[in-house]
Structures are given as C-alpha cells and as structure tokens.
Number of protein chains: 2
Amino acid sequence: MKEVARLAGVSTMTVSRALTSPGRLSEQTLRRVREVIDRIGYVPNRVAGNLSSDRTTLVALIVPNLRNAILAETIKGINDVLFKHDFQLMISDCANSPVIEEKLVRTYLAQQVCGIILHNTMHTPGTKTVLRAAGIPCVETGNLIASPLDMIVSYSNSAAGSAMARHFAERGYRRPGLITLKIRDRERIRAARRGFLAGLRTAGLSIDRNAILEVDAGLESAGKGMAQLLEAAPRTDAVYLVGDVLAAGALFECQRRGLRVPDDIALASSDDSEWLANLIPAMTTVRYPRYEIGVQAAQAIVDSALGRRHPLRLDLGFEILQRQST
Amino acid sequence: MKEVARLAGVSTMTVSRALTSPGRLSEQTLRRVREVIDRIGYVPNRVAGNLSSDRTTLVALIVPNLRNAILAETIKGINDVLFKHDFQLMISDCANSPVIEEKLVRTYLAQQVCGIILHNTMHTPGTKTVLRAAGIPCVETGNLIASPLDMIVSYSNSAAGSAMARHFAERGYRRPGLITLKIRDRERIRAARRGFLAGLRTAGLSIDRNAILEVDAGLESAGKGMAQLLEAAPRTDAVYLVGDVLAAGALFECQRRGLRVPDDIALASSDDSEWLANLIPAMTTVRYPRYEIGVQAAQAIVDSALGRRHPLRLDLGFEILQRQST
DNA sequence: TTGTATGCGTTATCAA
DNA sequence: TTGATAACGCATACAA
C-alpha cells in the first residue's frame, strides 16, 4: 500500500479509501490510484485490514457430515448470498460430535469470524459459553428448536413427522413402520421420530415395537434395515424412512424381494431429492426449502455484520409431496 | 493476551509461547499460564497472529459447482486432512466461470491463504499471473492436464474415456453413443469426450454424429437427452454418460420407454456413486479415488505450508467397474 | 477531499 | 527459560 501511495503521489490513507470507500475520493485521485493498483498488481492484505478495523467478512459453517448430499443445497444458498456481499465462507465437518463442534467453534472465534452457522442444534456447554462471550451472530439451521442459541432458520422436523403420520392414516395404512438414522446426538432425527409417533397416536394408529429401527447411513445399510423390519414385523404396510438416502435403499431392497411398492408396502422419505422424485415408483417425501434456508441463514449473518442485527426465528415450513410410493 | 500475562505474572511473549511452542517453557510456567487461559476463557486472536507471523493456516478451495454431489467426497478428504493439522478450509463456487474463479482467487490471496485448491483446470491469464506472483502452493484436482499451474492431483479423464470405449468394444457393442454435460469451460468433460472418441477409433468403432449430445445438468435433462438420442440415432446400442447423475436420468428414461438395459441398450457412467451401484440394473461406471484426491491435495498444501514443498504430479488412476448395465 | 498520528494483538528478534 | 522492543499492513480518529 505504501508503494501504491508513493507511485500515485498520495498518502496510504487515500489508497485505503480507494479500496474501501471510493465515493469519498475525487474522481481523478481515484483514477490515479486505481491505475497504479492495476499496473503493479497490488493485492491488499485483508488480514492487516481486519486487525485494524476489528471486523472480518468471514463466516463459519459447521455441518454434521460433509458427505450428506442433502446439505449441498443449503451450502449453495449460503455461498451465493455470501458471494454477493463479498463475504467468505469457512466450512467444516464436526462428524456429528458436539465436542468436535466446540473445538471448531473456538478455532473460528480465534479467526475472528463475523458470524457462525451451525447445522446441529445440540451443543456442549462450552460451545454455548464461548459463543455467548464472543457476542457474534449465530444461526442454527438443522431443526426448529424451542431455545436456539441466537437466531434460527429452519423447519420443524417433528411437525413433518406428524404430517407424515397423518398422511399414512389418510391413505389408509394401518400398520406403520419407522426406520431412522441412529439417533444419538442427532436432534433432528429424534424430533422427526417423536413427531411421527405422536402423529400416529393422534390418528389412532399404533405401531409395533419391532417396526421401529435405527440404522447406519447409506443405501446398503438402509436395505439391510428394511430386510430386518420385514422379518420382524412382516405385516407392516407403510414405512417412514428418516435420513438421507434411506428411502431409496429401502425401495431397492423391496424390489430385490419382489415386493410391489406401494401395493405390498408403502414407503416415504424425510428428505426430498431429485433422485427420489425419479425413482420408479417415485417416492413420497417431505420437501423443505433447503436452498432458502441457506440463503436466509447467510443473510441473517450478513445483516448482523452490517449493523442490522435483529432477533430471528424463521420457520420456512415444509410440505408432503405425495408421489407413487404411498 | 496482556490480561493473561498480567494474571499469570509473565510477559505476553511467554503467553504466546505457551500457545505456539509450549515445549520451550518450563513446566510450572506453562501450567500457570494455561490455568489463567482456562479460567478467564481467553481466545487468542489469530488475525493478529497471522499478521505478525506473516503465515496463516487458511486453505482455499474453489469448486465449479457446490451442488455436484461427486465433489462431496473430495471435499470431505480435504476437510479431514486440514482438520488433523489445524488448518481451516475456505470454500466457494465459481459457477464454472473462469472470471469468477479469478475474482475468488484474488479475494483468497487478499485473505493471505497459505494455499489454494482449484478443481477446474481452465483459468484466465489473470488467475495465472496473480497466483504466480503470490507464490503460494496451488493444487489442481479436476483433470490430469499436461501443464498445471503448480501441483496436480487427479486422474486422467481422457484415459477413462478411452477405457470406456474399449470396454464397449470388448462387450460387443457396435453403435456407441455419447451424452455429456455442456462442454463450454469444462476441461474435464472435453477430455472425457476426446478420450472416448479416440478410444472408439482405436477399437475400430465409428460413432454416428447424431449419437453425440450435450445436455444440461440434472436427472430430467439427462432423460430428455436420452430420449432425443434414441430418436436421432435409434440403432445405438451403448451410451456413455459423462457427468454427475446423467446415467441415472438416462436409465430412468429407458425404463419409462420399456427398454431393457442392457439388452436393448447398454449404459455406462463417468462417475461412480452409491446410487449408481444400487440401481436396477446396477450401473457400469468409472471409479476414481475421490476421497483420496482430496486427501492428497490437502496434504500437498499442508506440506508446502510447513516448509516441505516439493513438485507434485499425482495420477491416482481409475478403474472401470463393470456392472449389469453393460 | 486529503493527510497525520496512532493503534489493532500478536510474533520475530535479540538480549539477558 | 524468559523478557523488552519493534514490527506486521492496514483503518480509525481527528485535523487541515
């Protein structure tokens, strides 16, 4: 910057202004400075700028699992908003561990991020303490819980579960089943299960204990889980699958066994994706606005960083997309 | 840090050392400092540290499209290595535009990242200039090109294309087809096509011009493309689909039309995924080590940042997984 | 509209 | 093993 200032015959402050508030310079000074910047290929050091101004444009995102394709849309939404405002995204994977999440939060606070987006909603006491102490905006996106750390942009997994139970009842199914990802540390899955079971009760349906299963992630694991359920509770007529790709794995297992979906058994998924819509039969799913969740979460951080901070509890809702599988 | 120093009765340098090189402090001093840090919840300001030491642990990644699920494995590989070494990942989406890529590269250089990973291998002259001037390590991962900017960790898309052509020939197919994503600005797709066409020639097969198509991304777009190909070149007996999820879209279209795969028409994909392995029929694909590419790319950056810089051209190879669809 | 003086919180360097 | 000092490159605050 000194070099640019020297060559343009101005002070470093003028160069600084040319970059941060060009409107406050005369046209000819601005032109002269920009010319030098282009000519010598000056790239400002934002680390120094950040230290001096005590602000950054860094936003952190911590997701439970980078492999989960369902998150890609939300990440894209975050990316697009941050890019538009010249903010940068730092991202990492906490492997669904609140302890790792806390370590990551501390790391990001040390990097002076101006905001944090957490997909998980279960945190260690340490996470809560340091976040509160830092006073930076924080958005949770994974589940619409009652007491967020700060802001929350999501939809209700438990309401979606209830809605699916109602859907099963309305379609005339009487012996429901439920396969979810392992619940430990996954607030979303727990909420979906609770909502589904409550919805069944409301609809006057009961569920066989043997028809409730937890499985690991992945198509093959889902297939095995489906096989297990079919053996333990063979009269089951409709299964709700909660967790990325589980429903597809279950469908493939049914097809391998020659079961007709939905005639022999109905299936529905908690996560919509292009895939599920194109399977044969097309899968009934919960759809929620994943891209929009990312957009709103990022926008909330940007607004806060720009001084327009406000409380935020945004329920972006969901819908049940009935397709051929129920 | 001053506060910690005061409370521990030491200088700030000693606090600094307690964080960065604890081995150089006496045990009792270290214990005392750490005690104070924990007690008052001190979080160091790495922005200041970065400015002072003229080093960061920030690594940038620019991908062509965050929605592309095929990248998730690579990103996970990068994440895991960076986490292990206490480096942080900054990520963004250049929407397959070299111009946006350049803007992002400049932004990341301003943030003083210690290394950059670029998935694309086509860059503007400006990108090349500023990267060279910055002198930081850079790894390209999307395609094993001849003249990388710096380091490269990938596999050869053109060799994979040739291998698939050979596979078609060996399986007895005689009227091949090719559907790819739009080629503009996609070096990988271009290479795959070139390799496939060259492989066909080598195998003595010719391809109908009407059996070569470019389509937009997405299952539905792939379905339409397949429909178009079947009408324009109805005698086609084996189609290679280059680009995420295209093969699945094509398969669904065949199923809708009552075509048997592979008896009426064979299909193969350029990208392996859990999905493609579980479709019925299971899809023949190219498999390449996506996670390992991320691991090696990140490791190369970390090594460079830690002073162990070395030239790197890593071909991690691929294999053709023959399944039921060919 | 532009410039001067100062400080951001840490680490490199050198000295003790 | 520890400390004093200066410096990193920029932006804030204030003055002109």
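Reminder, nothing fancy here: chain letters follow the sequence lines and each chain counts from 1.
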Exercise. Between C/dG9 atom P and A/Gln112 atom CD, what is the distance in whole Å?
Worked result: 9 Å
For this session: Rounded off to whole Å, could you give me the CZ-to-C1' distance for the A/Arg46 and C/dC8 pair?
Result: 16 Å
For this session: Answer with base, sugar-phosphate or nothing: what part of the nucleic acid does A/Val15 contact at a heavy-atom distance below 4.0 Å?
Result: nothing
For this session: Could you check how far CG of A/Leu19 sits from P of C/dT2, rounded to whole Å?
Result: 14 Å
Exercise. Expressed in angstrom and rounded to an integer, what is the separation of A/Lys2 atom NZ from C/dG3 atom C1'?
Worked result: 15 Å
Problem set entry | By side-chain hydrogen bond (donor to acceptor under 3.5 Å, both in side chains) - contacts of A/Ser304 (at least two apart) | none
Problem set entry | DNA chain C-proximal residues of residues 23-30 of chain B, any heavy atom under 4.0 Å | none
Exercise. Does anyone know the first and last nucleotide of DNA chain D in reach of chain B, 5' to 3', at under 4.0 angstrom to a heavy atom?
Worked result: D/dT1 to D/dG9
Problem set entry | Partners meeting salt bridge (charged side-chain N to carboxylate O under 4.0 Å, His left out) with A/Arg308 (sequence neighbours left out) | A/Asp303
Exercise. Excluding sequence neighbours, so at least two apart, what forms salt bridge (charged side-chain N to carboxylate O under 4.0 Å, His left out) with B/Glu102?
Worked result: B/Arg106
Exercise. Between C/dC8 atom C1' and B/Met1 atom CE, what is the distance in whole Å?
Worked result: 14 Å
Problem set entry | Under the side-chain hydrogen bond (donor to acceptor under 3.5 Å, both in side chains) test, residues paired with B/Ser97 that sit two or more places apart | none
Exercise. With distance as the sole criterion, is a donor-acceptor pair present between the side chains of A/Asn143 and A/Asn157 under 3.5 Å?
Worked result: yes
For this session: Tell me, please, which residues at least two apart from B/Glu35 pass salt bridge (charged side-chain N to carboxylate O under 4.0 Å, His left out).
Result: none
Problem set entry | Set of side-chain contact (heavy atoms from CB on, under 4.5 Å) partners for B/Arg313, sequence neighbours left out | B/Leu144, B/Pro148, B/Ile152
Exercise. Looking across every strand, which nucleic acid part, if any, lies under 4.0 Å from B/Val47 by heavy atom: base, sugar-phosphate, or nothing?
Worked result: nothing
For this session: Give a yes or no on this: more than 12 heavy atoms of other residues, nucleotides or ligands lie within 6.0 Å of atom CZ of B/Arg24.
Result: no
Exercise. Under 4.0 angstrom, heavy atoms only, what part of the nucleic acid is B/Asp54 near: base, sugar-phosphate, or nothing?
Worked result: nothing
For this session: Answer yes or no: does a side-chain N or O of B/Tyr42 lie under 4.0 Å from OP1 or OP2 of C/dT10?
Result: yes
Seminar exercise, completed: On DNA chain D, more 5' by nearest nucleotide between B/Ala48 and B/Thr12 is B/Thr12
For this session: Could you tell me which residues satisfy salt bridge (charged side-chain N to carboxylate O under 4.0 Å, His left out) with A/Arg132, sequence neighbours excluded, listed by chain and number?
Result: none
Interface polar pairs with nucleotides 12-16 of chain C, N/O, under 3.5 angstrom:
unit_1	atom_1	unit_2	atom_2	d
C/dA12	OP1	B/Arg55	NH2	2.6

For this session: Apply side-chain hydrogen bond (donor to acceptor under 3.5 Å, both in side chains) to A/Asp38 and list each qualifying residue two or more places apart in sequence or on a separate chain.
Result: none
Seminar exercise, completed: Contacts of A/Arg188 meeting side-chain hydrogen bond (donor to acceptor under 3.5 Å, both in side chains) (sequence neighbours excluded), chain-then-number -> A/Asn120
